[in-house]
2 protein chains.
Amino acid sequence: MDDFTRKMAQAFDAAPIGMAVSHHRVLSMCNTSFAEMLGYDRANLLGQSFRILYPSHAEFDRVRDIGLKAMEEQGSYSDERMMRRKDGVPVWCRFRARTLTPGDPLGHLVMSFAPIRDQLDGAQLTKREREVLSGLSRGLTSKEIGRELGLSPRTIEDVRARLLRKFEVKNTSELLSRMSYARPTS
Amino acid sequence: MDDFTRKMAQAFDAAPIGMAVSHHRVLSMCNTSFAEMLGYDRANLLGQSFRILYPSHAEFDRVRDIGLKAMEEQGSYSDERMMRRKDGVPVWCRFRARTLTPGDPLGHLVMSFAPIRDQLDGAQLTKREREVLSGLSRGLTSKEIGRELGLSPRTIEDVRARLLRKFEVKNTSELLSRMSYARPTS
DNA sequence: ATCGTGTACGGTATCAATACCGTATAACCA
DNA sequence: TGGTTATACGGTATTGATACCGTACACGAT
């Protein structure tokens with residue numbers, strides 16, 4: 001076998017970041033970091049739908065759409081999102097994806113997942129809080145998020161205020177900078 | 001050839017994040033993203049010392065030591081660092097590494113490099129922009145940042161508007177979700 | 001020598017965010 | 001059973017953000 005190919009495969013598997021490949025939202029390949037991050041054995045993960053790796057079915061449906069346009073136009077997309085470990089514990093990740101089939105973005109995807117924090121300093125986020133946070137990180141206003149979720153803007157403001165209290169920050173900007181990349185930990 | 005291996009190699013090469021393998025600080029393998037990020041052809045990069053990928057020899061020496069202890073103890077290390085593109089332009093990256101030889105951490109390294117400002121390659125921030133961004137990430141208002149820098153709040157709003165234009169984002173929240181927390185490097 | 005850009009500042013106008021006041025329901029827990 | 005929390009929504013009031021209008025100066029590149 002080609003030594004070049006073998007080296008690349010070894011690097012993929014030993015990568016310090018979670019990596020995965022999907023075809024139409026079904027996992028066809030992943031590396032050790034990815035399986036470990038989510039608490040599975042790789043063998044049990046391959047062939048599974050990504051559905052089981054998200055906190056809920058609604059979340060699974062939601063994340064399908066939000067990067068589609070960017071993927072069609074630029075071929076890649078990045079955001080921050082919550083994944084669900086096998087034991088149910090949420091993992092907040094920086095997510096990056098590149099599609100190999102721009103006409104059908106979800107046809108063949110290569111993704112990377114970098115855990116931002118394991119448990120968000122103990123603060124658990126509710127489903128609503130995750131949904132709102134997702135909108136905020138995309139620059140949406142409370143009104144726009146309300147429309148997206150079929151709720152009153154007033155309710156979004158409540159969730160937003162709860163997030164600010166939980167993380168003890170002054171405003172949304174500080175909140176999002178805290179939810180961004182992890183600080184060096186060692 | 002093993003189909004499993006081939007799939008992993010393909011995923012490595014198409015990854016949405018820069019990846020590289022080194023033996024004693026000499027690049028032995030990298031993917032397309034990595035070569036593109038730094039402005040090289042992969043063929044010209046393999047076999048080269050990492051020296052040419054850092055802004056200076058001093059920086060090259062400095063980064064050698066800072067992760068060694070963590071790598072010996074946990075096998076992995078992560079920070080943010082400046083890389084140097086072929087044309088000399090600096091690229092600010094989130095860097096992650098895992099060693100496959102914990103006794104001799106630099107013996108065999110697998111690394112990932114994620115450009116932090118991936119939305120606008122080549123855009124450098126001015127000193128003022130970094131200063132303002134630092135304030136924003138700490139949740140300060142324009143008025144507070146102005147006080148901190150001894151400037152009119154009006155001027156801070158100008159810098160802010162320029163940042164929004166540069167990164168093509170709608171508001172400060174979206175800006176900060178795309179940036180790492182800012183640190184003034186001036 | 002003009003052009004572009006960054007810097008710095010003033011004004012005005014509008015919308016968004018935040019912080020309060022209030023009510024109400026549903027879930028869970030001790 | 002009562003206490004807490006999350007959800008959901010209404011009003012009002014204040015501050016902040018954003019987008020325009022304008023001027024001015026410094027600097028580097030073509």
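Keep in mind that what you see is a predicted model, and the values were worked out from it rather than measured. Labels below follow one simple rule: chain letters A, B, ... track the order of the sequence lines, proteins then strands, and each chain is numbered from 1.
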Which residues pass the salt bridge (charged side-chain N to carboxylate O under 4.0 Å, His left out) test with [X], not counting sequence neighbours?
X: A/R160; answer: none
X: B/R154; answer: B/D158
X: A/R81; answer: A/D79

Subject >> Ring geometry between A/H57 and A/F60 (parallel below 30°, tilted from 30 to 60°, perpendicular above 60°) >> reply: perpendicular
Does a nitrogen or oxygen in the side chain of [X] sit under 4.0 Å from OP1 or OP2 of [N]?
X: B/S142; N: D/dA17; answer: yes
X: B/K143; N: D/dG16; answer: yes
X: B/R128; N: C/dA8; answer: yes
X: B/T172; N: D/dT18; answer: yes

Subject >> Partners passing side-chain contact (heavy atoms from CB on, under 4.5 Å) against A/S173 (at least two apart in sequence or in another chain) >> reply: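 Per chain and number, A/S173 pairs via side-chain contact (heavy atoms from CB on, under 4.5 Å) with A/N171, B/T172, B/L176.
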What is the distance, to the nearest angstrom, from the [atom1] atom on [X] to the [atom2] atom on [N]?
X: B/R165; N: D/dA19; atom1: CZ; atom2: C1'; answer: 11 Å
X: B/L163; N: D/dT18; atom1: CG; atom2: P; answer: 11 Å
X: B/N171; N: D/dA19; atom1: CG; atom2: C1'; answer: 13 Å
X: A/E174; N: D/dA17; atom1: CD; atom2: P; answer: 13 Å

Original post:
If you check every side-chain atom of B/R160, which of D/dA6, D/dT18, C/dA17 has the closest atom?
Top reply: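 Nearest to the side chain of B/R160 among the choices is D/dT18.
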Original post:
Among C/dT18, D/dT18, D/dA6, which is the nearest nucleotide to the side chain of B/L164?
Top reply: D/dT18
Original post:
Under the side chain to side chain donor-acceptor pair (under 3.5 Å) test, which residues partner B/T155, sequence neighbours left out?
Top reply: none
Original post:
Heavy atom of residues 144-158 of chain A under 4.0 Å from DNA chain C: which residues?
Top reply: A/R154, A/E157
